[in-house]
Engineer: 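Take this structure, written in structure tokens, and hold onto it; I'll ask about it next.
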Amino acid sequence: MTSNDDVNSLAALHFAPLFGRAPAYQLMPEDEKQLAARSRHLRGRFLFGKDMAHAALTQWFTDEAVIKKTRLSGEFGFKELKARMVRCSLCS
């Protein structure tokens with residue numbers, strides 16, 4: 001992931017045949033105009049939401065945030081994960 005939205009789109013397109021289109025994610029473009037101008041088939045799926053572009057993610061890491069992966073199941077779904085989160089602006 002870079003601050004260059006075009007490079008992020010090209011990387012997602014490049015790796016889609018290898019990993020499949022569904023897991024080929026990229027960050028949301030910083031510029032709303034780029035988002036509107038770029039067709040779905042010319043980019044990956046967006047990771048996180050519109051408030052979590054490269055600058056915001058960089059700030060999180062600067063503030064020593066940690067990204068964790070949690071496997072969801074029938075017994076422990078998104079609702080349970082959200083209830084367990086202490087601070088998560090992405091879950092609101």
Side-chain angles (χ1 to χ4, degrees):
M1 291 183 272
T2 73
S3 59
N4 186 317
D5 298 320
D6 293 328
V7 170
N8 292 336
S9 292
L10 287 172
L13 287 174
H14 176 78
F15 287 108
L18 182 63
F19 298 111
R21 183 142 172 83
Y25 288 93
Q26 72 179 82
L27 291 174
M28 185 72 71
E30 300 275 353
D31 184 358
E32 292 285 331
K33 291 177 187 173
Q34 274 198 353
L35 177 60
R38 188 164 293 131
S39 298
R40 284 187 117 157
H41 72 282
L42 297 177
R43 59 171 168 77
R45 294 172 58 196
F46 291 128
L47 183 62
F48 307 123
K50 69 177 186 176
D51 296 331
M52 191 52 65
H54 189 270
L57 192 61
T58 299
Q59 185 61 50
W60 270 38
F61 286 123
T62 300
D63 294 342
E64 299 182 9
V66 176
I67 295 176
K68 295 182 179 183
K69 178 176 92 171
T70 302
R71 186 173 301 273
L72 302 179
S73 67
E75 296 82 36
F76 187 81
F78 184 69
K79 181 180 174 184
E80 290 78 15
L81 176 65
K82 189 175 175 183
R84 191 176 286 186
M85 300 297 292
V86 176
R87 183 191 102 200
C88 180
S89 63
L90 300 175
C91 299
S92 316

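Every value quoted in this text rests on a predicted model; they were computed, and no experiment measured them. Below, each value reflects all heavy atoms present in this structure, side chains not excepted, and no hydrogens, waters or symmetry copies.
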Engineer: Looking only at heavy atoms, which two atoms of L72 and F78 are closest? And how far apart?
Structural biologist: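 Reported closest heavy-atom pair: CD1-N, 4.0 Å.
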Engineer: Atom CD in Q26, atom CG in L10: separation rounded to 0.5 Å?
Structural biologist: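 Between Q26 CD and L10 CG, I get 9.0 Å after rounding to 0.5 Å.
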Engineer: Using the rule that Ile, Leu, Val, Met, Phe, Trp and Tyr join whenever any side-chain heavy atoms are under 4.5 Å apart, tell me whether L18 and V7 fall into a single cluster.
Structural biologist: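 As far as the 4.5 Å side-chain criterion goes, V7 and L18 are not connected within one cluster.
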